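Here the structure is a predicted model, which is why all the values come from computation and not from measurement. Here is how names work: the chains are called A, B, and so on, in the same order as the sequence lines, proteins then strands, and each is numbered from 1. Side chains are part of it too, since the values below use all heavy atoms of this structure and drop only hydrogens, waters and symmetry mates.
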Amino acid sequence: GHERGDGFAGAGAGKRAEAPAYPASERVMEPLYRPEGVEERWQRTWEEEGHYNADPDPKRKSFAIAHPPPNVTGDLHLGHALQLSLADTIVRTRRMQGYNVLFQPGFDHAGISTQNAVEKHLAAQGKTRQDLGREAFVELVWEWLREYGGKIMFQFRRIGASLDYRRERFTMDDAYVRAVMRFFVHLHRKGWIYRANRIINWCPFHQTALSDLEVAHEDVDDVLTYVRYPLADGSGSITIATVRPATILADVAVAVHPDDERYREVIGKEAIVPVVERRVPVIADERVERDFGTGALKVTPGHDPLDYEIGRDHDLPELTVIGADGLMNDEAGELAGLTQEEADERVLAWLKEHGQLEKRESYRHTVALCDRCKTRIEPRISLQWWCAMDELKKPALEALRAGRVRYHPESQHRFAVESLEDAPDWNISRQIWWGHQLPVWECPDGHLTVEETEPEACAECGSRELTRSTDVLDTWFSSALWPFATLGWPDDTDDLRTFYPGDLNTTARDIIRLWENRMIFSGLELMGEVPFRDVVIHSLVHAPAGGRMSKSLGTGMNPLALIETYGADATRYGLMKMASSQDVRFSEGAIEEGRKLANKLWNVARLILQAAEGAEPDERPKTLEERWILARLSQAQRDAERLLGEFDFSHLVLELYRLTFDDFCDWYAEAIKPRLYDGDADARATALAALERLLKLLHPAMPHVTEEIWTNLPARESRLIVAPWPEAGDEGEAGALQRVQEAAATFRRSGVLVPLEGEEERIFEVVVKPERQKANGNADAERERLQGEIARAEAMLANDRFVQSAPAAVVEAEREKLARYRRELDAISG
RNA sequence: GGGCGCGUAGCUCAGCGGGAGAGCGCCCGCUUCACACGCGGGAGGUCGCUGGUUCGAUCCCAGCCGCGCCCACCA
């Protein structure tokens, strides 16, 4: 019963509208490029014309990205926007290169996270989920999804992400639920899913078990209490240190390190636990830290993970004095019903009264918190479902080690491998209300039957009185299936055959263990192949002042607001520019830069289009600057392809900026201006061809402005979004490129004309502006600089050790530099 | 405690063995028909610190100092 969100009014999924009427002639190209309206129009048009659609086609090579499904309750944040920008840039390039591209959208039900959001909302009305009851609560969550799901897809569309929105999937869709059930049953039949009573992370607020990965850690100021435990034989006492006096009631031993000289005599004796006056053994265990506190540890297997381990190994009983709600339970005797803090006070009072409180000191340490609600985690022994990892992770590790999945940057690869190697069995059951209920049925005799759908009778005793487990699955259990459950698995579908395995996954570092590794092992187990070849770990964008961006801290930033101000193209550009190292501070300037690039493109297009009315593009260069710009475009294309292959988006975008500003506008456009004004047909034709190439290169990163310009080009019957990516260009004019670039560099530095040997000098005549001539006034300073350079180069070349040991090319380059400096100096002086 | 990453111009960041860079900001000059959201010019840096390797180090190595993120059962 999930109604799909519809981002645009009237832009129904898959509805194909008539081609929109935006004839070029009716469009006025104003001097200032304004993205408002333009972007939405193209987003709608592309979608309506079906350019985002991915349909199985055996004749074409396919390219697929299953985009990470966001949490339905969340707003689009900068991380999403960045992720979408990166992936969409690749996707659009592949589409132009002729691939049958699937960019898969959808949502994650995000179990505890969603439940937490809805509970917060209820709390604001003074209600709890218990007030509603499970059924009504789950219905309320669905209502939320209907409200927010559409919002998020609207935001995805608004950044220009070319996802196939017809294929929107949700991890709670009926078909998806079926896949999740199949996965559970599959693993259970293999014997890899089992039920066990162990100490787990328990959130007293959500009243559920959590996996280790859902636990956050935080430093807090606490108090370390030193407590004397008398020895039963009256031979003295042993002092332990604890931050949780209330748990003393559940102590079952005191442990010391076997090699600790101080306690040699005590091992094997009995100590008397305060308050409850229980006699417990003093045991030796190597896991006790001699340097901490007194070196003696109170052992409380019921309430501490380490103590639990020690207790198991020493066959100690497991006592429990704290209940599921975090309050003291009936076992705590007269403290029952108290909060832990209250119980702490009572225990401390008892200790003081009996002279067993040695001292208290302030102590800063890290505590475990529920990642969602920040409630202190209560380690608790509890019966939960587990997924054994030993067999499951083997093929995944093999695939990672063999490079069948590669992480970018490579440094993350080792982390992925190591964290998978270390992955312990996975606690997959949760006691929350929102999620996939376990496909486990219990009869009155306690037999469990595991089936994908409700069985008629207990598999063991035939009883027909079956109750379904109320536990739900860890949300990542279902996310693990995303790359293929979205394509119809467990059925054998055309979609699966066409688009699985996919190519790429983009994600942040903190998701590697939660998601990436799990998609890899489940893909291998169920599909027999890894779900993607490459994983791009993108930057984490921090607040401008540093630190995490977070709505609760007030340091969040809404990408939609940026899009409103700067446009989606500029926002995409800016985010990619920022995506350099692993953590990066948000800089609005980067987005402003993107806006200027869009405006620059717009204006150089105006120049060419105004002058080239009626011309046809012709990519046959006649002059030096034409040969040069076409070679330069080819070079830029090669660089762009390489950078995309390396997933180096920040350099890609830098390269596009330089290409546009420095080379296309400042040099090429300036150079051809006089010919353009003169009505030179060749100049117009080549300019149109060059502009087309430029637009194609820029389209994946900045789709809207480029498409908008494209429609204004003469005789454009196809959309830029599906225009063929240029053939790897001819760079035969690399010589011209180098000559012009060199001259350009020289020219810029010195403001002096340097004639090109054997070339027309016209290019410089046309480029020269009055201001540049004036720059000659600066010749003294320039002369001085050149003289310095010459002296430096001469000294270097006079250094025998340099000449003999430096690579020949380096020495040669230095000679050339010296010659050039001398030429330049002559030019100024001469 | 472990892992990853970062300290380069006022700010955000490129560069990572042979001339210290970009964008923004700042200063100067330009409203001539693509763009003043522009163009040209300029100031501004012991490239975190200390050692080492090298003919030569911002770049490689080691050690410090500072910062961020992730992980971690010292109660």
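Residue A:Tyr363 has a polar side-chain atom (N or O) positioned under 4.0 Å from OP1 or OP2 of B:rA75. Taking side-chain N and O atoms only, A:Ser580 has a distance below 4.0 Å to OP1 or OP2 of B:rA14. Side-chain N/O atoms of A:Lys596 include one lying less than 4.0 angstrom from OP1 or OP2 on B:rG38. For A:Arg509, no side-chain nitrogen or oxygen approaches OP1 or OP2 of B:rC70 to under 4.0 Å. At B:rC71, none of the side-chain N or O atoms of A:His217 fall inside 4.0 Å of OP1 or OP2 (strictly under the cut-off). The side chain of A:His651 contributes an N or O atom lying less than 4.0 Å from OP1 or OP2 of B:rG15.
Both the sub-6.0 Å distance and the 45° axial angle are not jointly satisfied by A:Arg34 relative to the ring of A:Trp602.
As judged by a 4.0 angstrom heavy-atom cut-off over every strand, A:Tyr657 is placed among residues touching the sugar-phosphate backbone only. No engagement by A:Val299 is indicated, since no non-hydrogen atom pair under 4.0 Å with the nucleic acid exists. Note on A:Glu588: nothing from the nucleic acid sits closer than 4.0 angstrom, heavy atoms only. Among the atoms of the strands shown, only primed sugar atoms or phosphate atoms (P, OP1, OP2) are found under 4.0 Å from some heavy atom of A:Arg414. Residue-level contact check: A:Asn599 touches the backbone only, with heavy atoms under 4.0 Å from sugar-phosphate atoms and none from bases. No contact: A:Ala590 has no heavy atom under 4.0 Å from any strand. Within the 4.0 angstrom heavy-atom criterion, base atoms lie near A:Lys600.
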- [ ] Check the pair A:Tyr229 / A:Lys298 against side-chain contact (heavy atoms from CB on, under 4.5 Å), numbers first and verdict last.
- [x] CA-CA 9 Å; A:Tyr229 286 33; A:Lys298 72 192 257 313; 3.9 Å; yes
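Between the P atom of B:rC13 and the CG atom of A:Leu540 lies a distance of 13 Å, rounded to the nearest Å. In this entry the distance linking CG of A:Asp422 with P of B:rG1 reads 20 Å, nearest Å.
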